[in-house]
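Atoms considered below: every heavy atom in the structure, side chains included; atoms not considered: hydrogens, waters and symmetry mates. Since this is a predicted model, take the numbers as computed values, not measurements.
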Amino acid sequence: MGKRSGVRKGARRSGNPARRDTKQMYSGNVMGERMYAAPTTADRSGMQPGAAIPVSVPQLPDGVVVRNATHADTVALEPVIRLADPDNPKGSWRALPSAIDQSLAPDPLTYVRVVEESASGALVGGMLVLPAVWAFTHPLLLGSPNVHIVAGLIASLDSLAVVDQWRGMGIARALVAEAEKTASSPPAGKLGTAVLYATHEPELTDFYAKLGFTLSPDGIAIPTPAGLICHGPTKGYKFSVKPLRIGIQMEPMATPHGQHLVIRGVLPVPAR
């Protein structure tokens, strides 16, 4: 999710390597970049490792609801989410019909949400939560039977946008919380997403930090038996990450691709 000129909130897909791991949240300076980590007030006592971290969705303004997108929303939703990335001809808005199709599947890894003004039926916001599609072309995962597992355990908050007249009312914060809750709460018998990340404009760093995300200079790195899987933001953008399960650890670390947050606890790997 990103926002330029203080006007729009959304996310564009990135193709650069990056990843991170954390035993604790850090603040200060790492490789010349300020690392953010918002405090949490959630009571996690008694929770087991691997359990989803509870998420509270902020209350929306009166007369506004968040709901699942349907095929009937496609035409009205496209210009809304396009606000998140209007200058990108390959933005996620181009694949909106396919994303809605996938979100309506029995066991989805893609989720599309709309914010609707009940009285008029107008869509005033929206977002996509996407699996880590870059995993399918990552050199360390090509041909691996684990690629679908990795893609499902890492989610991207994408194309979050709120129309002008409804900004500043907490809708964007509610959509981020909805993304966390949805991604970490899979159908019975399925393992929920472990990590949610957003690729965003630099001026949105504090917005994400206040919601518990941690900034990584160059992206994230996930240890696997084959080595570190790295993924990071497009040049000029920032990369913020938030664990969604108990036991996920993130630590800033230098990798061959830059300064990443190495994220442990997503996949079982041999002890260091």
Practice item. Go through the steps for Val266 and Ile248 under the test side-chain contact (heavy atoms from CB on, under 4.5 Å), then give the verdict. Key: CA-CA 7 Å; Val266 176; Ile248 299 295; 4.1 Å; yes
Do you know the tightest heavy-atom contact between [X] and [Y]?
{"X": "Ala177", "Y": "Pro58", "answer": "CB-CD, 3.7 Å"}
{"X": "Asp87", "Y": "Pro89", "answer": "O-CD, 3.3 Å"}
{"X": "Pro131", "Y": "Ala151", "answer": "CB-O, 3.3 Å"}
{"X": "Leu175", "Y": "Ala161", "answer": "CD1-O, 4.3 Å"}
{"X": "Gly126", "Y": "Leu77", "answer": "CA-CD1, 4.2 Å"}
{"X": "Ala99", "Y": "Thr110", "answer": "O-CG2, 3.6 Å"}

Check your understanding: Does a donor on one side chain sit under 3.5 Å from an acceptor on the other, for Ser98 and Asp101?
Key -> no
Check your understanding: Is there a donor-acceptor contact under 3.5 Å linking the side chains of His260 and Ser216?
Key -> no
Beyond-backbone contact of [X] with [Y], side-chain heavy atoms, under 4.5 angstrom:
{"X": "Val115", "Y": "Met127", "result": "no"}
{"X": "Ser103", "Y": "Asn68", "result": "no"}
{"X": "Ile53", "Y": "Leu244", "result": "no"}
{"X": "Phe136", "Y": "His148", "result": "yes"}
{"X": "Leu228", "Y": "Thr224", "result": "no"}
{"X": "Gln102", "Y": "Leu109", "result": "no"}
{"X": "Ile81", "Y": "Leu128", "result": "yes"}
{"X": "Asp158", "Y": "Val129", "result": "no"}

Practice item. Return yes if some donor-acceptor pair links the side-chain N/O of Thr193 with the main-chain N/O of Val195 below 3.5 Å, else return no. Key: no
Review point. Is Thr205 reaching over with its side chain to a backbone N or O of Pro202, donor-acceptor style, under 3.5 angstrom?
Key: yes
Indicate if [X] and [Y] have the same hydrophobic cluster label, given that clusters are the connected sets of ILVMFWY residues with side-chain heavy-atom separations under 4.5 angstrom.
{"X": "Leu83", "Y": "Met169", "result": "yes"}
{"X": "Val124", "Y": "Val75", "result": "no"}
{"X": "Val112", "Y": "Val57", "result": "no"}

Practice item. Not counting sequence neighbours, which residues clear side-chain hydrogen bond (donor to acceptor under 3.5 Å, both in side chains) with Thr74? List them please. Key: none
Point to revise | Set of residues satisfying side-chain hydrogen bond (donor to acceptor under 3.5 Å, both in side chains) with respect to Glu116, sequence neighbours excluded | key: Arg67
Practice item. Assess whether side chain to side chain donor-acceptor pair (under 3.5 Å) is satisfied between Ser184 and Arg245, documenting all intermediate values. Key: CA-CA 8 Å; Ser184 63; Arg245 294 208 313 251; over 6 Å; no
Review point. Does the pair Arg82/Asp85 count as a salt bridge with the N-to-O cut at 4.0 Å?
Key: no
Review point. Are any of the side-chain nitrogens in Lys242 or Glu180 under 4.0 Å away from the carboxylate oxygens of its partner?
Key: yes
Review point. Quick check: are there more than 12 heavy atoms from other residues, nucleotides or ligands sitting under 6.0 Å from CD of Gln165?
Key: yes
Practice item. Carefully, step by step, assess Tyr111 and Leu130 under the rule side-chain contact (heavy atoms from CB on, under 4.5 Å). Key: CA-CA 7 Å; Tyr111 306 95; Leu130 305 175; over 6 Å; no
Point to revise | His200 ring center near Tyr237 ring center (under 6.0 Å) | key: no
Point to revise | Intermediate values then yes/no, side-chain contact (heavy atoms from CB on, under 4.5 Å), Trp166 and Leu60 | key: CA-CA 11 Å; Trp166 287 91; Leu60 289 164; over 6 Å; no
Point to revise | Reported CD1-to-CD1 distance for the pair Ile154 and Ile222, which is rounded to 0.5 angstrom | key: 3.0 Å
Exercise for review: Measure the NZ-CG distance between Lys181 and Leu196 for me, rounded to the nearest 0.5 Å.
Suggested key: 15.0 Å
Exercise for review: Could you point out which residue of Tyr197, Tyr208, Phe207 forms a ring-ring contact (aromatic ring centres under 6.0 Å, His included) with Phe213?
Suggested key: Tyr208
Practice item. Before giving the answer on side-chain contact (heavy atoms from CB on, under 4.5 Å), spell out for Asp218 and His257 the whole-Å C-alpha distance, their side-chain angles and the decisive distance to 0.1 Å. Key: CA-CA 8 Å; Asp218 298 309; His257 302 289; over 6 Å; no
